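Keep in mind it's a predicted model, so treat the numbers as computed, not measured.
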Amino acid sequence: MAKAIGEVIIDIEKCKGCDLCVDACPTETLALSGKINHKGYHYAIRIEGDCNGCAACAIICPEAIITVYRKIVKSEKVVA
Amino acid sequence: MNQNTTADIQEHTVDESICSSENLVYTKPQTLTDDPMHYCPGCGHGTAHKILMEVVDELGLQSQTIGIAPVGCSVFAYHYLNVDMQEAAHGRACAVATGVKRMMPDKYVFTYQGDGDLAAIGTAETIHAANRGENFLVVFINNGIYGMTSGQMAPTTLPGMFSTTSPYGRDVETMGYPLKIADLLALLPGVAYVTRQAVHTPANVRKAKKAMKNAFEYQKKKLGLCLVEIVTNCPSNWKMEPLESNQFVNDKMIPFYQLGDIKKPEVK
Ligand SMILES: Cc1ncc(C[n+]2csc(CCOP(=O)(O)OP(=O)(O)O)c2C)c(N)n1
Ligand code: SF4
Ligand code: SF4
C-alpha cells in the first residue's frame, strides 16, 4: 500500500484568517491560530494531522499563499 | 473576527524532507505578483485572479496577454496580475479591449469586470462588443452587489436580497428583476462561449479555471467573444463571515444563477 504524505507551507503574514482552507481540508489538518499576524488576523496554521497533500486548501485560498508538497511513500505490508 | 481560533494549539513542525521541488503540487502562479491583495478576507476576487494567472502561466502567455481592469473593488487588479494591463473608465472595459485587440490581434486580451461595471453602467459597451463578435475574453465577477461603493443594489441582486439601496430586500415590482446578462449575451451570433462558474469550493475553482483555459484556446482560434461568469461572494457588504457568504452563494445565488456552459463553440 502506498500512502501520500503532505506538507503545507503558509505565508502567515499575508493570511487574512478567512477560514476557507480550514473548512476545505478533508483531514482537519489546519486551524486558525490564537495568535495574530502584523495585520491583526488570526492566521491559518498546520496542526498535527494526516495531511495527504490534496491541495484543497491551496486551491480555495483567495490569497494564493499556501504551498503544498506531496510525497508518496510505500508502506510495508501489514500482516493481518 | 473569527471565533474558531484556539490559543494553545499544537502546531506542526514542517518535515523539510518532503518540501522538495519534485514533490511540489501547488504554489502561487508566477504571473501573480507578490503584493498582498487588498480584498476583504475570503473575497472571491482573489481566487478569480489566481486561477486566471494560473491559466496564463500554464499556457506560457505572460508576455502575450493584455488585461483591462475595471472600476470596482478590482480597480487595482493591475497591481496583482503581472501582465500588461490597462485601466478603463467604469463600465468601458469592453470598449477599451476592442481597441487593444484590433490594434494587436495576435495578443490575448481579457477584461475583468464586476456586475456593476459590466451589467449596469457598462451594459452598452458589453452588448455591442459581444454583438460585433470581438475576439477577447470577458471575466465577469457576479457578486450581486456594488462592492466598492459599500453595497448598493446591482442589476444582479437577487429578489428579496438586502442592500443599502434595497434595505427591505429587492422588491421586483418596483426595482425590476435580476439581470441574467450571460444568458442574454449567449443569444448573439458574435458570442462564441458563455459559461457560468463559481469559486466557493475547491472543485468549483478547478472547473472555473478550466473554463478560463477553454476561453484562451477559443480566443486563439478567433471564434468570437468569450464570457466566463463567476458567481461569487461579497462577505463585507453581505455582512457575513466568509464561510457564511460561500454558503449563501451555494444556497441562494447558484439556484438562481445556475452553473454550467450556456453556449459552447463547435471546435474542429
Ligand atoms: C462613471 C462612474 N460612475 C460611478 C462610479 C462609482 N462606482 C465605483 S465602483 C462602482 C460599482 C462597482 O461594483 P461592481 O462592478 O459590482 O464591482 P465590485 O466592487 O462588486 O467588485 C460604482 C458605482 C464611478 N467610479 N465612475
Ligand atoms: S493539502 Fe489537503 S489534507 Fe493537507 S492541509 Fe491542505 S487541504 Fe488538508
Ligand atoms: S467589498 Fe466585497 S467585493 Fe469588495 S473586496 Fe470586499 S468582499 Fe470583495
Side-chain angles (χ1 to χ4, degrees), chain A residues 4-73, chain B residues 1-29 32-37 39-51 53-54 80 199-206 209 232-233 235 241-247:
Chain A
I5 303 179
E7 200 52 89
V8 294
I9 310 284
I10 304 168
D11 186 351
I12 56 168
E13 284 305 333
K14 283 193 194 159
C15 179
K16 295 176 186 161
C18 71
D19 218 11
L20 300 189
C21 57
V22 177
D23 185 68
C25 177
T27 62
E28 297 179 16
T29 302
L30 301 170
L32 294 187
S33 174
K35 298 184 201 138
I36 54 171
N37 60 16
H38 80 288
K39 285 196 174 162
Y41 292 116
H42 289 284
Y43 52 88
I45 50 167
R46 161 125 199 236
I47 53 173
E48 292 306 336
D50 293 323
C51 173
N52 59 23
C54 70
C57 53
I59 290 167
I60 201 72
C61 176
E63 313 301 323
I65 55 169
I66 307 183
T67 303
V68 183
Y69 298 91
R70 171 182 245 191
K71 189 178 181 178
I72 308 292
V73 284
Chain B
M1 177 193 114
N2 213 296
Q3 292 87 46
N4 309 336
T5 58
T6 322
D8 48 19
I9 238 161
Q10 187 62 43
E11 244 187 274
H12 162 90
T13 345
V14 176
D15 178 353
E16 297 287 348
S17 73
I18 297 178
C19 305
S20 58
S21 55
E22 75 267 18
N23 290 337
L24 185 69
V25 281
Y26 187 92
T27 192
K28 181 184 84 71
L32 204 59
T33 65
D34 288 329
D35 293 7
M37 293 192 253
Y39 302 115
C40 306
C43 175
H45 271 305
T47 324
H49 281 18
K50 178 178 80 167
I51 54 176
M53 290 300 102
E54 284 174 15
Y80 316 127
V199 291
H200 66 305
T201 71
N204 286 100
V205 175
R206 282 200 178 93
K209 178 177 163 186
T232 184
N233 59 355
E241 292 278 338
L243 282 173
E244 200 186 348
S245 73
N246 276 352
Q247 198 61 48

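- No other option in B:Cys19, B:Pro235, B:Ser17, B:Gly44 has as many heavy-atom pairs under 4.5 Å with chain A as B:Cys19.
- Using a 4.0 Å cut-off between charged side-chain N and carboxylate O, A:Arg46 and A:Glu7 make a salt bridge.
- When each of A:Thr67, A:Val8, A:Val68, A:Ile66 is paired with B:Tyr26, the side-chain contact (heavy atoms from CB on, under 4.5 Å) condition holds for A:Val68 and for no other.
- Looking at B:Val199, the atoms closer than 4.5 Å to chain A (heavy atoms on both sides) all sit in the backbone: N, CA, C or O.
- Partners of A:Lys71 by salt bridge (Lys or Arg N to Asp or Glu O under 4.0 Å), not counting sequence neighbours: none found.
- If you measure heavy-atom distances from A:Ala55 to chain B, the contacts under 4.5 Å come from the side chain alone.
- Contact annotation for A:Cys51: neither backbone nor side-chain heavy atoms come within less than 4.5 Å of a heavy atom of chain B.
- Using a 4.5 Å cut-off between heavy atoms, A:Ile45 touches chain B through its side chain atoms alone.
- With sequence neighbours excluded, no residue forms a salt bridge (Lys or Arg N to Asp or Glu O under 4.0 Å) with A:Arg70.
- Taking chain A as the reference chain and counting heavy-atom pairs below 4.5 Å, the highest number among B:Asn204, B:Thr13, B:Asp34 is found for B:Asp34.
- Among B:Ile18, B:Asn23, B:Thr47, the residue making the largest number of heavy-atom pairs under 4.5 Å with chain A is B:Asn23.
- Using a 30° and 60° split on the angle between ring planes, B:His49 and B:Tyr80 fall in the tilted class, from 30° to 60°.
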